[in-house]
Structures are given as C-alpha cells and as structure tokens.
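Let me begin by presenting the structure, written as structure tokens, before commenting on it.
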There are 2 protein chains.
Amino acid sequence: MTLLIKEILKLKPKNQLVTAEGWVKNFRANKFISLNDGSTVRNIQCVIDFENFDESIIKKINSGTSLSINGKLVKSLGSGQEVEILVENIKIYGESNAEKYPIQPKKHSFEFLRENAHLRVRTTTFGAIMRIRSKLSYATHKFFQNENFQYVNTPIITSNDAEGAGEMFRVTTLDPKSPPTKNSNVDFKKDFFSKKTHLTVSGQLEAESYALGLGKVYTFGPTFRAENSNTTRHLSEFWMIEPEMAFFNLEDNMNLAEKFVKYILNFILDHCMDDLFYLEERLYNEEKNKPKNERNGMKLIEKLKFIVNNKFERISYSFAFEILKNCSHNKKKKFEFLVRDWGMDLQSEHERYLVERHFKKPVVIFNYPSKSKAFYMRLNDDQTTVAAMDILFPGIGEIIGGSQREERLEILKKRMNQFDVSNKDLWWYTELRKFGTVPHSGFGLGFERIVLFATGMNNIRDVIPFPRTPNNALF
Amino acid sequence: MTLLIKEILKLKPKNQLVTAEGWVKNFRANKFISLNDGSTVRNIQCVIDFENFDESIIKKINSGTSLSINGKLVKSLGSGQEVEILVENIKIYGESNAEKYPIQPKKHSFEFLRENAHLRVRTTTFGAIMRIRSKLSYATHKFFQNENFQYVNTPIITSNDAEGAGEMFRVTTLDPKSPPTKNSNVDFKKDFFSKKTHLTVSGQLEAESYALGLGKVYTFGPTFRAENSNTTRHLSEFWMIEPEMAFFNLEDNMNLAEKFVKYILNFILDHCMDDLFYLEERLYNEEKNKPKNERNGMKLIEKLKFIVNNKFERISYSFAFEILKNCSHNKKKKFEFLVRDWGMDLQSEHERYLVERHFKKPVVIFNYPSKSKAFYMRLNDDQTTVAAMDILFPGIGEIIGGSQREERLEILKKRMNQFDVSNKDLWWYTELRKFGTVPHSGFGLGFERIVLFATGMNNIRDVIPFPRTPNNALF
C-alpha cells in the first residue's frame, strides 16, 4: 500500500512492506536514496543493494528522478532517521538529467530559484515555506469559522475608483491600439463592463456592507497595487485577510486581532514543527556570518512562541509620541526623522524603536491623528484623532492595520469631502449609514507579511508561489 | 452579556437577562419585534410593553432599524419560536426610514435585489445563501487539509496566453488613450510587467507545477472569463477550486472528486439545516405555480441527501454514446442535436437525458474523444480518447471537469502543436515533464455552480455577493 512519506516515517518498523513514491533528493554511494514526496520536510532513506538491481535502473537514479519504491521498513542503523526502507523493487517514473536539472543538491541563490519558480518548491526550503503558508491559510479559516464569522468573497474587478489605498491596475477588453473614443477621449462605455474598471486594492468597503447584515464576516483574497516598488516588502499581487464586525468597537477589534494572530502562529507551532526547525536552522546559518546587530535576537521558534505567549503592549499614538520624543535616541538625534511635533507620521525607524528597543514585544498603537488616516476611520470625541490601530511586530513593522469605522452619516460625508472621496461613486457605502447603521470595526492583514514573519525569510517574493512585481509576471 | 441570536435561541429560558443586537426584520402591533443579526436564519422575537417605553423610541422602530435589546429570556407563548425576550431596555443604533429603506418586509424581485446588492444580504433568502456559501468554502478547506493537501495560491495576473479556456481580460497600467508604441504597435514592453498580461482563466497549469513537488495541492481563488455571455449560468468573475495530485490516475481522480463533492454537501446538511429548510420552502413556493415538468422532482434537502447517499454512475463516453444513440428519445428525433456519430460533443440535452431520465443520479463520463478535449489531457492507449472525466448533476449539468494530465514529454509536445499552443510560452510547463515527471491528475469545480445547486437558486448572480457580468461591475 502506498503511503505518504510523512505517514511512513511515523510507522513502527516491523519488516512490513511499504511503498513510497516521490522525487530523489540525493543518491549517495550507489546505495542510499533520500526520497521526498512533499508531504514533509523529512526524506525517507531507501537502502539499495545495488548488486540486486539492473545497472540501467541504477543509472537513472539522479537528483530529481521520480520513482516508486517498494521494500521492507526497518529500524535505521544510520543516524538522522529512525526508519529506512530496504528496497526490493524500484519503478522509475521520470528521469532527470543530472547536469541539466536546475535543482541541484547544493545551495542555490534565492534569485536563481525565483527564475525557476516552477521547480523551486522541490527544494527543502520552499517545500517548508509553502506547507507553512498552507497551514497559516487553514488556521485563518478555522479561527474565523470557530468565531462564527462568515467567509465573504468581495469582488476582484471593481469600478470603485475612490478607495485611495494605492495605484490600481486597469482591467479592460478594449482594443489596446485603437480604442473607441468619444469626444476624443477613450469611450469606456464600450468597455466590457460599460465603465472603467480596476483590480481591487481592498475588499473592506464591500465587506462592511456584508457585516451590516451577516454580523461578522471576513475576506481572504487577492489584492493588487500598481506601485512601482521594487523592495523586499512589496508585491503587486498579494493576499489579504479583512475581517469586519458589526457591533465591535476599537477595543473589541484590538482584542480580536491579537487573538487571531496568536491563534494562527500557535497553529503552525502545533502542526509544522519539522518545517519550522528546518527554517530556523537555515536562518541561523544565514545569519551566523552577519555582524551581531543585524542578527535576530531570538531564534525563529523562540520568536513565534514569544509572540504567542505575551500580551501585546497597547499604547495611544500620543503616548507613543511622548516616549519617542523624550527618548535619548531622539535627543541624541539618532533618528533620521526627529520626533518633534505631535501629529507627525511615525516612520519605520520609530516603530522599530518602540517594538525592538523600548517594549521589546509587539506593540499596538491606537488613536492616530485623524489627518493621516483614511476617511472611513471613526472620528474620536477629541475631534483630532481617529479610532485606528496598528499592530507592530519586531523585524517586520506593521502587520495589521484596522479601525472602528465611521458609522455616522454626516461625519462620514464630511470626511469624504475632506479626503476628496466621491460621494457619487460610493452612494451605496453611505447608504449603509442611512439605514440601520451600527458601530462596527475591522482590520486588514497582508497575508504574505505574516508568512514572511513565520518562516524567517527576508524577501516577500519567496513566500508566495509565483510573485508578481514590476517587470515580472513570469509563469 | 451580548450573545449572537443563534446562541440565544439555544438557551434554556430561565428569566435570565440577555442582550441581543441586530436589525429589525419586522415590528407588528407595536409589540413584537423580530430581530435578526445575521448569525442565523431565525429571528428572535422581542416583546415590548409599549406603555413602558417612550413613544419617541417606539416610533424609531421600523424594518431595518438597528438596535440593542436587553431583557428576560422566557418560554414563548406564541407559536413559531421556543423562546422570546421580554424587553426591558432598548438602545437604538441606527434608524431606517420606513418608506425609503429598499428592503421592505415583502417579497422583492431578485433583479431589484441585485441592484441593491449592498443591502440584499439583510434579506432572509440572501442571508441563508451566503451562510451556506461560507460553509461550503470552509468544508472545501477542511476536506483537502484532512486529506493532506497543501493550499496553493496560483497567480491571478498571468502572462500565459495559451491556456485556451476562454476569452481573457487584459491587465494594464498603460495610458488608455495614447499608449506607447513601437513600429506602430502598442509597446507592451512599457507596460507594468514589461509584457502583455491578463487575468487568469485557470490556475491549473501552475498548480500542476506545485503538485510535482508538494504531492497533493489545491487552489481556491478567483478566475475570469471575458465572454459576452448573459445567461443565468455565467459570471465574468467566479471562484474555482482546482486540486492537482501527483501519482493519481484517472480512477483515483474520480474517487477523490466524488468523495469531495459528497463531503461538502454533507457538511452543510450537518451545519446549515435551518438555512436549507428556509431555502427549500422558498423553492417549493416558487415552483408551486409552474407546470409539473418544470419543477424539481425532489425537494432541496432530499436532493442533497440523494447525492450524498448514492454512488455516482461511471460510464465511458463510448457507453454514454451507445445509450443515447439507441434511446427512443433519439430515435423519435426529440433531441435537437441527433446522436449519430461517435466523437460528437455531448450537448446539455444529452447530459440531462442521461442524468435525469436514464440513470436518475449523478453520472461521471470518462474517456472522451481526444479531439474535443484540452491539450494537457492524457492520451489513452487507444490513441483516440483521453483520460478525461466530467461529473454531471441533475438540473445543473457539468459540475466538475477533470483529467489525468499528459506526463509524457513527447506526446505533450505533439498535442500542444495540434492545439496550436505555444511551446515557447509554456517552456516551464514542458520542463515539468523533462525532470522527474510523474503520472498526475486533477479537476476543477466552479464554486458558484455548487452553491447554486446547494441553495436551489436559479441564477448564478444570486449566489455570489457582488456579481460581475457583461456591462455590470456595480459596487
């Protein structure tokens, strides 16, 4: 019976016959095959008595060769594994030219692997990353469903032009070379949807409309930004999780966000330890040669446990501002942007100072100055701050951003005007405040940010299967 | 303590104080408020002694008003509910003008509700549909994760021009009016991704590359078709589930597909009975006035149980062809497309005949003529059929389409040439066959199709929150 290698590795060895199928990671001394099928980071060692096999078969066994192996499961004599298979039969599925196969049994640069994104999941590192990514997705659904949320698919193609979250991609079926025109402008009435349409930058506004009927909802889908940002933190296409909850105020919102992020990190600590151990080692080896101040203070698993087991520090923007203004770092003018005037935007260096040096744990900052935040965030009674919150993580900065939403029609309209957001386009959004409006809140989490954090990787392009970035939409 | 109405309805009434928050469905006789919060299809009845409340508050209670109610939970004296709340306090959150609120306590046409898609989830019908949709999504993740699959996010923006599954939307940031040109053609090198890009029509090819490393994977994401189809069965943007499994042959594939679809339908029978009862009644009432031959033979829940409890009929295309060719329906020339020559495409009328009249249960047809199926489907030894399969459901036709994939490089290349699919664009796809190729299979399921089936709705626009169709991208 064919089992996953993950399952075989858990069996008690009793000389029973087992069949494993997978790809050869490594073949040494014409005797030891390390076989992997993607179900686990660990390989099963298969031991061949090469005198019993046709030379033509042995010759076909290279890194990357796919095969089915049948043999007896025994206690391993070697170190590094508890069981191994004494091979009785081999069936070759597909050969792999030892010289031409791009995934050699050696360390490849991540850049090279990105160019071979169709094969990179066969490496140990990417197998581990993608299994963790899958489990973080699943934990997300499990968490919200357990909390009585409904999953909502908000639209990807949108005619909302007004969200202001970033540059947008246009979606069209018009002839690119000679589009129909009217009064010497492109006539979008002739486009597929009879108007100009874009790829969504956020499902929040539509999710709000569903929360104001279903109560608690969450989205988990792709979102898009057409910014020309070539950094290790930006993708043009990424996945976002956006819960929206009727009857939640800002504190409920912060409680939920903290509970959520701890739940999904705890879930991989429960289900992905093999993968995490491997990535922890990888990161440790990578950092060994760096100067001490560039290394992570904690090892990967320790860091995840630290997040799960500690209460996040919650401080208002004003309190954060005071800390920063009065800290010796600021007084010694070591910040690039000096902290002087209340209302200034906190820069990444300030956030890192608070998280990594001052509190040494995740920090939630709430009640931000209203002028620097989006139109839909609820104005506080002080008239100068909004009920917004950001969760900041060590090493990675903002991981969650959210707010209580402005539910009062007149104030919302005023804010839309201030921010130059069209009332006409968002007629339906204002109607939500006209009929049975309720206090409600929500937040957004860029999924790849948390995968980056959980895997200890450095470049966001390495935690999504086929990254899309400026000038790159390969595969 | 505030509880969801779903939870309150399960409590034993002991005069305990409870708080419910939600939207007024109905207010009768100045005494009975039906309150709903989206957590369940059922409302909680709240009984007011109007003499104890300020008239100004009573006046604000209309359909759509949002409020918080506090009172004692008691056994209901009326019929239709077991418990009710004797109201002690009311807090109005948001009023709702009785005349202007679009969602009146009466039957609205589905067309009218589509124009008010931002509010329609507040109706009983759409609440039920969207909760079932959410649970079908969750069951999908649960099923595949339990079966050791990894969830994979394949790209939405793609430069593959070759999949041939349908018309595509272009994704661009070029100036629509005067795009850059080169040799009097649009210069897509200047576009965001330095080439022409589109919205994906399927994640299958990329999912295959991940299956050939991780073993078993599934996608669940949005896909797009730019066909100008204005029918009750087509959407321009819809969600698709696409599992791909290494080492699976066609029979394994059919087994998995049948198990999967039964699992998710069973899951809603376990978790959504209140919603299903409501939708069953709705459908029954709608159909009452139709002629008998246009009605469903089974009631909704009976139909779902029938699917879950019966083995699907599996027949080859050739066998299906013989049945159709020799049936009296064909001989009496009652098919629009007469069944005469082996190799013809089966039309919807043929599929319905097999499912609804001949076998009277779901039918899986496999081994289709190769010329009518896609290039990536595995050629059978007879050289004339491919290892493809379609699952056909009563009333809805094809619900799943899948195949064993062609894993042999030379045959794949030949098929690509026959189908005019560019080897150059899909270099990476052919490379999967060059290095460690293995037998593998997969299938696709249009998610809205199964939601349509499970809810007994008639128009696919009513089972997705914000439908996108030709000329329509509202909200």
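Letters go in sequence order (proteins before strands), and every chain restarts at 1. As the structure is a computational prediction, the values presented were derived from the model and not from experiment.
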Look up atom NZ in A:K216 and atom CG in B:D37, then write down how far apart they are to the nearest 0.5 Å. 9.5 Å
For the interface with chain A, which of B:T65, B:N148, B:N228, B:D191 has the highest count of heavy-atom pairs at distances below 4.5 Å? B:N148
B:F188: which residues meet the ring-ring contact (aromatic ring centres under 6.0 Å, His included) condition with it, sequence neighbours left out? none
Contacting region of A:E7 [heavy-atom separation from chain B under 4.5 Å]: side chain
Do any N or O atoms from the side chain of B:S66 and from the backbone of A:T437 form a donor-acceptor pair under 3.5 angstrom? yes
Under a 4.5 Å cutoff for heavy-atom pairs, which residue among B:S178, B:G215, B:S184 has the most contacts with chain A? B:S184
In terms of heavy-atom pairs under 4.5 Å with chain A, the winner among B:K177, B:E208, B:R133, B:E237 is B:E237
Given the rule in the side-chain contact (heavy atoms from CB on, under 4.5 Å) test, do B:I156 and A:F224 qualify, once you have shown the distances and angles that lead to the verdict? CA-CA 10 Å; B:I156 309 300; A:F224 306 84; 3.7 Å; yes
In Å and rounded to the nearest 0.5 Å, what is the CG to CG distance from A:L119 to B:L432? 6.0 Å
Pick whichever of A:T181, A:T469, A:T154 has the most heavy-atom pairs under 4.5 Å with chain B. A:T469
Note: vs chain B, highest number of non-hydrogen pairs under 4.5 angstrom among A:S68, A:S236, A:P467, A:G221 is A:S236
Between B:G94, B:P155, B:G64, B:P102, the one whose heavy-atom pairs under 4.5 Å with chain A are most numerous: B:P155
Could you check B:Y138 against A:F149 for ring-ring contact (aromatic ring centres under 6.0 Å, His included), going step by step and ending with a plain yes or no? CA-CA 11 Å; B:Y138 186 45; A:F149 280 66; over 10 Å; no
Is it the case that the side chain of B:W239 and the backbone of A:N153 share a donor-acceptor pair, with hydrogens and angles ignored and the cut-off at 3.5 Å? no
Among B:T197, B:L199, B:V152, B:N97, who wins on heavy-atom pairs under 4.5 Å with chain A? B:L199
Where B:Y210 and A:A117 come nearest, the two heavy atoms and their spacing: CE1-O, 4.0 Å
Specify which of A:Y429, A:W427, A:Y93, A:F247 makes the most heavy-atom pairs with chain B at under 4.5 Å. A:F247
With only heavy atoms counted, which part of B:T2 is less than 4.5 Å from chain A, the side chain, the backbone, both or neither? neither
Which atoms of A:K100 come close to chain B, meaning under 4.5 Å heavy atom to heavy atom: side chain ones, backbone ones, both, or neither? both
With a 4.5 angstrom heavy-atom cut-off, could you sort out which part of B:I157 is near chain A: side chain, backbone, both or neither? both
Could you look at B:W428 and say if it's the side chain, the backbone, both or neither that has a heavy atom under 4.5 Å from chain A? both
To the nearest 0.5 Å, atom CG of B:N471 lies from atom NZ of A:K190 at 12.5 Å
What heavy-atom pair brings B:P176 and A:P179 nearest, and what distance separates the two atoms? O-CG, 3.5 Å
Is there a side-chain contact between B:K195 and A:L474 in this structure, where contact means two heavy atoms from C-beta onward sitting under 4.5 Å apart? yes
Which class fits the ring pair B:Y101 and A:F435: parallel under 30°, tilted 30 to 60°, perpendicular over 60°? tilted
At what distance, to the nearest 0.5 angstrom, does CZ of B:F193 lie from CZ of A:R468? 7.0 Å
Measure B:F220 against the heavy atoms of chain A and call it side chain, backbone, both or neither at under 4.5 Å. backbone
Tell me which of these, B:P465, B:G213, B:S96, B:G436, has more heavy-atom pairs under 4.5 Å with chain A than the rest. B:G436
What part of B:D187 gets within 4.5 angstrom of chain A, counting heavy atoms only: side chain, backbone, both, or neither? neither
Options A:T172, A:I103, A:I464, ranked by heavy-atom pairs under 4.5 Å with chain B, top entry: A:T172
Bottom line for B:Q145: the part with an atom under 4.5 Å from chain A's heavy atoms is side chain
With a 4.5 angstrom heavy-atom cut-off, could you sort out which part of B:E115 is near chain A: side chain, backbone, both or neither? backbone
Closest non-hydrogen atoms of B:E206 and A:F466, given as atom of the first, atom of the second and distance, are CB-CE1, 3.6 Å
Could you work out, with side-chain hydrogen bond (donor to acceptor under 3.5 Å, both in side chains) as the rule, every residue matching B:K142, not counting sequence neighbours? none
Quick check for you: to the nearest 0.5 Å, what is the distance between A:Y218 atom OH and B:S134 atom OG? 5.5 Å
Nearest heavy atoms of A:S159 and B:A473, plus distance in Å: OG-O, 2.7 Å
Relative to chain A, which segment of B:A246 carries a heavy atom at a distance below 4.5 Å: side chain, backbone, both, or neither? side chain
Inter-residue atom distance A:F475.CZ - B:N160.CG, 0.5 Å rounding: 9.5 Å
4.5 Å side-chain heavy-atom contact, A:V217 and B:M130: no
Just give me the residue among A:K135, A:Q150, A:H198, A:R408 that pairs up with chain B most often, heavy atom to heavy atom, under 4.5 Å. A:Q150
List the atom of B:L212, the atom of A:R122, and the distance in Å for their closest heavy-atom pair. O-NE, 2.7 Å
Under 4.5 Å to a heavy atom of chain A? For B:P222 that would be side chain
Between A:V171, A:L409, A:N185, A:L174, which has the largest tally of heavy atom pairs under 4.5 Å with chain B? A:V171
Run the side-chain contact (heavy atoms from CB on, under 4.5 Å) check on B:E21 and A:V438 step by step: do they pass? CA-CA 10 Å; B:E21 297 174 308; A:V438 301; over 6 Å; no
